[in-house]
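First the structure, in the form of structure tokens, and then the observations on it.
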Amino acid sequence: MEDFYKEYILDHYRNPRNFGHLDAPDASAEDLNPLCGDEIRMELQVRDGRVLDVRFSGKGCAISQASASMLTQTIKGERLEDIARLSKDVVLENVGIGISPTRMKCAMLGLKVLKSAALGEIASWPDDDPHTASV
Amino acid sequence: MEDFYKEYILDHYRNPRNFGHLDAPDASAEDLNPLCGDEIRMELQVRDGRVLDVRFSGKGCAISQASASMLTQTIKGERLEDIARLSKDVVLENVGIGISPTRMKCAMLGLKVLKSAALGEIASWPDDDPHTASV
Amino acid sequence: MIASPPDLKLRRIIADFPILAKRTRRGKRLIYLDSAATSQKPQVVIDALVEYYSSYNANIHRGVYEIAERATTAFEDARAKVAAFINAPQSAELIFTRGATESINLVSHSWGLQNLKPGDAILTTQLEHHSNLVPWQVLAERTGAQLRYIPVDGRGEHVLDKLDELLSGVKLVALSHVSNSLGTIAPLEIIIPRAHAVGAIVLVDGAQSAPNMPVDVQALDADFFAASGHKMCGPTGIGFLYGKRALLEKMPPFLAGGDMIKKVTYEGTTFNELPWKFEAGTGNVAGAIGLGAAVDYLQGLDMEWVRAHERSLMCYAFARFDELATRGLQVYGPHDRDRVADVISFNFSDVHPHDLASILDTEGVAIRAGHHCTMPLMEKMGWPATARASFYLYNSEEDVDALMDGLEKAASVFNLR
Amino acid sequence: MIASPPDLKLRRIIADFPILAKRTRRGKRLIYLDSAATSQKPQVVIDALVEYYSSYNANIHRGVYEIAERATTAFEDARAKVAAFINAPQSAELIFTRGATESINLVSHSWGLQNLKPGDAILTTQLEHHSNLVPWQVLAERTGAQLRYIPVDGRGEHVLDKLDELLSGVKLVALSHVSNSLGTIAPLEIIIPRAHAVGAIVLVDGAQSAPNMPVDVQALDADFFAASGHKMCGPTGIGFLYGKRALLEKMPPFLAGGDMIKKVTYEGTTFNELPWKFEAGTGNVAGAIGLGAAVDYLQGLDMEWVRAHERSLMCYAFARFDELATRGLQVYGPHDRDRVADVISFNFSDVHPHDLASILDTEGVAIRAGHHCTMPLMEKMGWPATARASFYLYNSEEDVDALMDGLEKAASVFNLR
Ligand SMILES: Cc1ncc(COP(=O)(O)O)c(C=O)c1O
Ligand SMILES: Cc1ncc(COP(=O)(O)O)c(C=O)c1O
């Protein structure tokens, strides 16, 4: 857990990238983690099925905000369908290591909201597995 | 428990005394033990506040039927107010010894119904105690 | 007939249950023949509770510290295990409740009040446990829907002659998989497809089937399936409701409170996702974890084996009971060994079942006496009460012999010839 | 300030709780500061469960054999103990439920649907737990009654200036005795008589008071009192509702099923007497017996002592927290030590409570972070979340010191000056 709070996490938490709003987003979504109250909104500008620009807003813990911030850097230029298919690994790679099961939703909230925006409907939690109700 | 099924219990069970109905009872009541389904009805003929005659009817286990049968023999000539105040001891004395807590209601059903008839309202279980919800 | 002594597997099972090694106050071996009321618990289940309370007791879902993580994982793993036990497609379709009764009430309050109106009908059967009957009476009264009964014959078998007629206008069929008072196994393979054909949904009360036979809710195509942990080697105070996701999604919550909400303001509330939408307040965490351990235990034994073991015990018991037929022993319930599960109801001459149970108790034999929470069935059959012996995975033919000896004793106390 | 080491009584208490002797995965001592979420369990409670499951596990109320008698007696004795613990006049007024949430839902469904109509009002407060808020929102929506809030000030204390106005037309007041997120002790001695004066009844959510202070429902003159066993040293899955007999008698049953009925026919049902009218289906037998043992344990310690112990821990914690005030530690909730119970909510600079809790966890310190199931309160106060430390009878001043050390660590991880 110690090495969880790497310098760059704190940096993204205190100086989130792509934070704010787009004037006329082509797609957007927002959601919250009912277990802790973290909130994230994602807005996308889309051209030819690809993400041209992205902004996020929200409030919450360092994990949720930093992972959302890092995610916005990862997905520029990506195709919406690829985004809708992103696995949780992309987030895990971004944040580094050591996320405990309960805090997984903090880390995954940004991805969930991003996928919802890309899909145009509420995406399920990225760690959903038919026989393990995620928390 | 063995000595519970004395000969006279079986006798009262198989040959209940005062079994049946009165033509025009002055007071009556019936009730059942929800835990086992035993049913008892008591009918009283009353003169000058005293029980002139009594009949009971019902179905159930040897304990419930025999104790009701024995009770009808005990109370002839008694005053209604005394009947309303009868304690469970009268039944315990009648049936002898060794009634387990759960079967106590079998034994007491007849008394409860008799007291209800005497009171003109539903009596509580004779073994009620404020801090021990009886069973 | 001579009882076969328990084989190695059975002896090992018996040793798994600490209570079966205890003696009664009179120094008798405990012959527990009341598992249809509640089952005994194997040591592994008791250990799971102790381990939780002594090592990682914490509230779930919200704590980020170590023991809370562990408790949450164990709780949700238990859900997954129970879901897999009945072959539910997703564990989000598995809601923890206190038991079958609460599960059925959840459906009657949530689905029932939302979907029923005057003119609709609810169909159940004549042999339901009060827990699968009274909720529908109450619901019918509240909604103006009509409550109908699939009749049973004198042996407690479903009479399906008029099923089409009975099904007309029916929105919900609620019936027990296995009857707790007669052991009848319901012909779900006939009733469920015909109910679906008229657009009705089907709730299966599995309180007596989940403990005793393999259950596959997908093969049954049950819309809801309710059961109690305490009857299937699990702790008290825990049970479950399985429901098809499409139905659960559309239903309003039942209880309101913590955990079932996503967002609350002073003005109103957004509800949480499945399964938590239906789990308001702190759940029975230890109970769920214990039920998970129970389900592991049962699957380790193999539910096919459990059913076969009980079937063979029933055959032995029926054969031995025949010996007392001429002295007034009457056995109720289906004759066909494939249509009856783990329960035998009977009466012995004019010995009232309560008296019989008290006499058997002096010999360490625990059976149930009464109406078994099926009063209307008893009334229909004309039985004021019955005695009931029920068998489970830890019972042996020697237990049946002990029951027979107890019946002999009762015969002598009551001077039966 | 220097922590006083635990005295003999406290050391003995700590030794009663097996989990407190365990080490975390990182080899740290467990500093459990989340008892407001759920308390730890003393060995006597765990033993009571094990004893039940290994020696007299049986379904209750109906069995006439030895272990069923013993289980029934133990279950009903537990009811009597819990009733006595809150000084209920009769144990028939004490209904076992899964927990405070179910207790409150019982009242909202049974009393609420029967007694409320458009034009009536329900009064609660701005600091309720979702479990004592969402049920009333749902009830208000169903009945057309209006839901109103007693406001709280910036420190989470009840503002009673407009109480008369707020009470006009009110049929039910529902409020927590102690707030789980701020520790505020409600001025029940003012609110209850004034509510009664306008003919309203009062439900007290005692989930946080029953564990932490002496409760006397007669002295309070509460009409209903709800609490959860798992927060007061008892098992999970058990709790209770106290209600005045006159009210309970007139209320319709909530859940329907076995045990709550007296007589059932295919046409309808007569309900059972109190308390069983409200206890449908097999209850949490082991849970109730465990709660009885918990209540014995608490009474053995003396609830006056528990309150005094926690009060003194709170004073110590407040004093130590002051040391970090200049570095951005903000403490919420009442200042007056007599108006706050076992809970301290706080925030530390820009460290989000979740991150704080994760960092503390690495030191073995278990606190809670989030909205504590009081989202509307958090929104009103403008706090996205808070960190919460809660104290119970097994905590010591050394635990507070460990919390302080953890906060220092968080400060260094987050580079706070
Ligand atoms: C004040 C208050 N009310 C109600 C509840 C709900 O209790 P339970 O979840 O045990 O039903 C809680 C528990 O967090 C509480 O603190
Ligand atoms: C067929 C059936 N349904 C429902 C129930 C009710 O189960 P519980 O009392 O555990 O809620 C029982 C238990 O006796 C049962 O046998």
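Letters A, B, ... mirror the listed sequences (proteins, then strands); counts begin at 1.
- If you tally non-hydrogen atom pairs under 4.5 Å between each of C:Thr24, C:Thr124, C:Asp47 and chain D, the highest count goes to C:Thr24.
- Put simply, of D:Gly99, D:Pro253, D:Gly268, D:Gly370, the one with the most heavy-atom pairs under 4.5 Å next to chain C is D:Gly268.
- Between chain D and the residues C:Thr374, C:Ile104, C:Ile367, C:Asn132, the largest count of heavy-atom pairs under 4.5 Å involves C:Ile367.
- Of the possible donor and acceptor atoms, none in the side chain of C:Glu379 sits under 3.5 Å from a partner among the backbone N and O of D:Val264.
- D:Ile67 has its side chain within reach of C:Gln40: a pair of non-hydrogen atoms, C-beta onward, lies under 4.5 Å apart.
- For the atom pair CG of C:Asn57 and NZ of D:Lys41, the computed distance is 4.5 Å after rounding to the nearest 0.5 Å.
- The shortest heavy-atom contact between C:Val64 and D:Ala357 is CG2-CB, 3.3 Å.
- Among D:Lys231, D:Glu128, D:His372, D:Arg368, the residue with the largest count of heavy-atom pairs under 4.5 Å with chain C is D:Arg368.
- For the pair C:Ser54 and D:Lys22, the tightest heavy-atom approach, listed with the atom from each and the gap, is O-NZ, 3.0 Å.
- Although no hydrogens or angles enter the test, the distance criterion places a donor-acceptor pair under 3.5 Å between the side chain of C:Glu66 and the main chain of D:Arg25.
- Using a 4.5 Å cut-off between heavy atoms, C:Ser39 touches chain D through its backbone atoms (N, CA, C, O) alone.
- To the nearest 0.5 Å, atoms CD1 (D:Ile60) and OG1 (C:Thr236) are separated by 9.0 Å.
- There is no contact between D:Ser35 and chain C, counting heavy-atom distances below 4.5 Å.
- Nearest heavy-atom pair across D:Arg142 and C:Leu113 is NH1-CD1, 4.3 Å.
- For C:Glu267, the part lying near chain D is the backbone, with the side chain staying farther off; criterion is any non-hydrogen pair under 4.5 Å.
- A distance of 6.5 Å separates CG in C:Leu255 from NE2 in D:His109, rounded to the nearest 0.5 Å.
- A 4.5 Å side-chain heavy-atom check between C:His230 and D:Val285 finds every atom pair outside the cut-off.
- Side-chain atoms of C:His130 and D:Met260, non-hydrogen and from C-beta on, never get closer than 4.5 Å to each other.
- With a 4.5 Å cut-off on non-hydrogen atoms, D:Ser103 does not touch chain C at all.
- Between C:Val50 and D:Val50 the shortest side-chain heavy-atom distance falls below 4.5 Å.
- Using a 4.5 Å cut-off on side-chain heavy atoms (C-beta onward), C:Asp34 and D:Tyr65 make contact.
- For the set C:Pro18, C:Ser55, C:Ala286, the count of heavy-atom pairs under 4.5 angstrom toward chain D peaks at C:Ser55.
- Put simply, the side chain of D:Ser131 gets close to the backbone of C:Gly258: a donor and an acceptor are under 3.5 Å apart.
- Distance check: C:Glu102 CD to D:Thr282 OG1 gives 12.5 Å after rounding to the nearest 0.5 Å.
- Counting heavy-atom pairs closer than 4.5 Å to chain C, the top-ranked of the candidates D:His129, D:Met375, D:Lys380 is D:Met375.
- Heavy atoms closer than 4.5 Å to chain C are found in the backbone of D:Lys262, but not in its side chain.
- Of all the heavy atoms in D:Gly257 and C:Thr101, the pair that sits closest is CA-CG2, 4.1 Å.
- With respect to chain C, the highest number of heavy-atom pairs below 4.5 Å among D:Thr38, D:Leu106, D:Leu20, D:Leu30 belongs to D:Thr38.
- Between D:Tyr266 and C:Leu147 there is no side-chain heavy-atom pair separated by less than 4.5 Å.
- If you measure heavy-atom distances from C:Tyr56 to chain D, the contacts under 4.5 Å come from the backbone alone.
- C:Ser228 does not touch chain D: none of its heavy atoms, backbone or side chain, sits under 4.5 Å away.
- Per-residue counts of heavy-atom pairs under 4.5 Å with chain C were compared for D:Ile46, D:Asn105, D:Val134, D:Leu377; the largest is that of D:Asn105.
- For the pair D:Tyr53 and C:Ile19, the minimum side-chain heavy-atom distance is 4.5 Å or more.
- Under a cut-off of 6.0 angstrom, the local environment of CD in C:Glu141 is sparse, with at most 12 non-hydrogen atoms contributed by other residues, nucleotides or ligands.
- No side-chain heavy atom of D:His371 sits less than 4.5 Å from a side-chain heavy atom of C:Lys263.
- Listed options D:Ala256, D:Gly237, D:Ala58 were ranked by heavy-atom pairs under 4.5 angstrom with chain C; first place goes to D:Ala256.
- Closest approach of C:Gly283 and D:Arg98 over heavy atoms only: CA-CD, 4.3 Å.
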